[in-house]
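Bear in mind that the values here come from a model prediction, so they are computed numbers and not experimental data. Here is how names work: the chains are called A, B, and so on, in the same order as the sequence lines, proteins then strands, and each is numbered from 1.
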There are 2 protein chains.
Amino acid sequence: MATSRTPAPPLGRPRAFDAEEALTRALRLFWQKGYEGTSMADLTEAMGINKPSLYAAFGNKEDLFRKALERYGEGSACFIGEALTAPTARGVVEKFLVGAAEQLTNPENPRGCLVVQGALSCATSSDPVRQELVERRKGYEKAIAKRFQKAKAEGDLPASANAADLARYVAAVHQGMAVQATSGATRQELKRVAQVVLDGWPSK
Amino acid sequence: MATSRTPAPPLGRPRAFDAEEALTRALRLFWQKGYEGTSMADLTEAMGINKPSLYAAFGNKEDLFRKALERYGEGSACFIGEALTAPTARGVVEKFLVGAAEQLTNPENPRGCLVVQGALSCATSSDPVRQELVERRKGYEKAIAKRFQKAKAEGDLPASANAADLARYVAAVHQGMAVQATSGATRQELKRVAQVVLDGWPSK
DNA sequence: AGTCTTCTGTACCGACTAGTACACAAACCC
DNA sequence: GGGTTTGTGTACTAGTCGGTACAGAAGACT
C-alpha cells in the first residue's frame, strides 16, 4: 500500500532550498500583510526562491496560501485544540483566551491572527480565500460550542446557559483580541481582556 | 470672514453627477471589499464617473477613502456617540453593542464595519490607511474608557473596576462582532453576543 | 458674439500583478 | 559516456494597477 518507505530516492536535480523553511517564510508574510497584500514578488524574495521553483513546489498563490494556513493551524494556532481539553468550561475559556493573548503578541511572529486578518474583506477575485477563512473561524467556534455542550451535560455550566451563544461570544472576543493585537495592544492588555471575560463567566 | 454665502455661484461647466451620491457609493464599495480590494475601476463604475472626474472631485484613492471614512463615522457609525450618552455604564454597553449588532447586519449596507475590515492587514504601500483605521479604533475605545471613568466616579461601576480594561474589552467584543458579521452571523446571533456581555457585566 | 473656467471622455502612461516558456544545470540510472 | 528526470534562472506574457494628458463640451460673464 504505502509506496514511499523512508526518504524516497530523489529523482532528477535536487531542490536548492528547504521547502519547510520556505513555507514558514511565506506564512509569516501572509500573516503580516494578508493574502491580497502579499505579492508573488514579496514571496519569492522572502523565500529566497525564484518564481518557477515556487510554482513547481507549491502551486499558485492560492495553493501556497492554503498550505501556509494549514501550517498555521498545526503550529501557532494549536493552542486552540489544547484549550479544549481543559477539564471545565471555564478552564477552556481561560486556556483559550490567555493562550490567544500570548500567541497574538508572540514577538517571534507577526501580530494578530492569520485566520482573522488574512482576508477579512477583499476583492471578489480573492473570495475563495476569504470563504476558506470564514469556514475556519466557524470551525473553531463550533468546536468550542460542542465542548460547552458537554460542559452543560456535566453540570459544569448552568443548565440555563446556551452553549452556542457562549461559544460565539468567546470566538468574538478572540477575534476582537486579534484586531486589537494588530492595532498594537500589548500582551498584558490582551490578558486583561481575557480576565474581564473570566470575571463575568457564568457560574452554577 | 465667511466668503461663501449660500449655494455659491458655480463657475464653469457644472458637474454631471451628484458628489454626495457618488461618495456614498464609494463608501459602500470600500466597506464591502476593503481599501486594497477596491480598484479605481470598481469605483468609477459604481460611482458612474470616469476617472478624471473622480480625481478632480475627490483626489486620489487614499483621499477618497478618507472622505468615505469620514462619512461613515458621521453616518452609519454615529450610534457609538449616541451610546455614550446613556445614563449608566451598563446602559452605554447595551446601547453600544446592541446598536452595533444592528448596524453590522443592516441589510441596507455591506456586512461588518469599515473601520475594522477596511485595511486590517495590507501591503506596506497601504500602511497610512491601515494606521488611520488603527487610530479610529483606539479613538472610540478611549471615548468609552473616559465614559467608564465617569461611571466609576458616579458610583455606577464598582470602585475596583478598571475603566481602561473594560473599555478595551467592550471594544474587542465590538470588533469581534464585526468579524462575525462579515462571516455571516445574523442580527439575532450578534444580539445574543451582546446579551452575554451584559449578563456578565460587573455590578456594584 | 467671444472669453474664461470648469468638467467630461478617450486614450494613454509606467509600474506592477499573477503566471509561464524555455534553455540550462544537477542529480540519478544504465 | 549517454539518457532521463527534475530543479533553476532569465526573460517574457497578458492583464490590471493607480494616475494623467489632452481635446472638446458646457456653462457663466462681459
Rounded to whole angstroms, how far apart are CZ on A:Phe65 and C1' on C:dG19?
19 Å

Please determine whether side chain to side chain donor-acceptor pair (under 3.5 Å) holds for the pair A:Arg71 and A:Thr24, giving the CA-CA distance in whole Å, both sets of side-chain angles, and the decisive distance to 0.1 Å.
CA-CA 8 Å; A:Arg71 158 78 126 256; A:Thr24 301; 2.8 Å; yes

Between A:Asp165 and A:Arg168, is there a salt bridge with N-O shorter than 4.0 Å?
yes

Could you state the CZ-P distance from A:Arg15 to D:dT8, rounded to the nearest angstrom?
7 Å

Backbone N or O of A:Leu114 within a donor-acceptor pair of the A:Tyr72 side chain at under 3.5 Å?
yes

Write down the distance between CG (B:Leu11) and P (D:dT30), rounded to a whole number of angstrom.
10 Å

Counting any heavy atom closer than 4.0 Å, what does B:Pro52 reach on the DNA or RNA strands: base, sugar-phosphate only, or nothing?
base

Calculate the interatomic distance between A:Phe58 atom CZ and D:dT6 atom P; express it in whole Å.
18 Å

Over how many whole Å does the gap from A:Tyr35 atom OH to C:dA18 atom C1' extend?
9 Å

Would one find a side-chain N or O of A:Asn60 under 4.0 angstrom from OP1 or OP2 of C:dG19?
yes

Which of these passes side-chain hydrogen bond (donor to acceptor under 3.5 Å, both in side chains) with B:Ser183: A:Gln175, A:Gln131, A:Arg137?
A:Arg137

For atom CZ of B:Arg13 and atom C1' of D:dG24, their distance in whole Å:
8 Å

When the aromatic ring centroids of A:Trp201 and A:Phe96 are compared, is their separation below 6.0 Å?
no

Hey, does the side chain of B:Ser53 come within less than 4.0 Å of C:dC7's phosphate (OP1/OP2), counting only N and O?
no

Atom-pair distance (CD on A:Glu45; P on C:dT17), nearest Å
11 Å

Rounding to an integer number of Å, can you tell me how far A:Phe17 CZ sits from D:dG7 P?
8 Å

Report yes if at least one side-chain N or O of B:Asn50 is closer than 4.0 Å to OP1 or OP2 of C:dT8; otherwise report no.
no

For residues A:Phe58 and A:Asp63, report the shortest heavy-atom separation together with the two atoms involved.
O-CB, 3.2 Å

Show the distances under 3.5 angstrom between N or O atoms of the protein and N or O atoms of nucleotides 14-17 of chain D.
none

Tell me whether the guanidinium CZ or amine NZ of A:Lys95 lies under 6.0 angstrom from the six-membered ring centre of A:Phe79 and within 45° of its axis.
no

Would you mind telling me which residue lines up with the more 5' stretch of DNA chain C, B:Gly12 or B:Leu54, judged by nearest nucleotide?
B:Gly12

Base, sugar-phosphate alone, or nothing: which one does B:Ala56 contact when heavy atoms must sit under 4.0 Å apart?
nothing

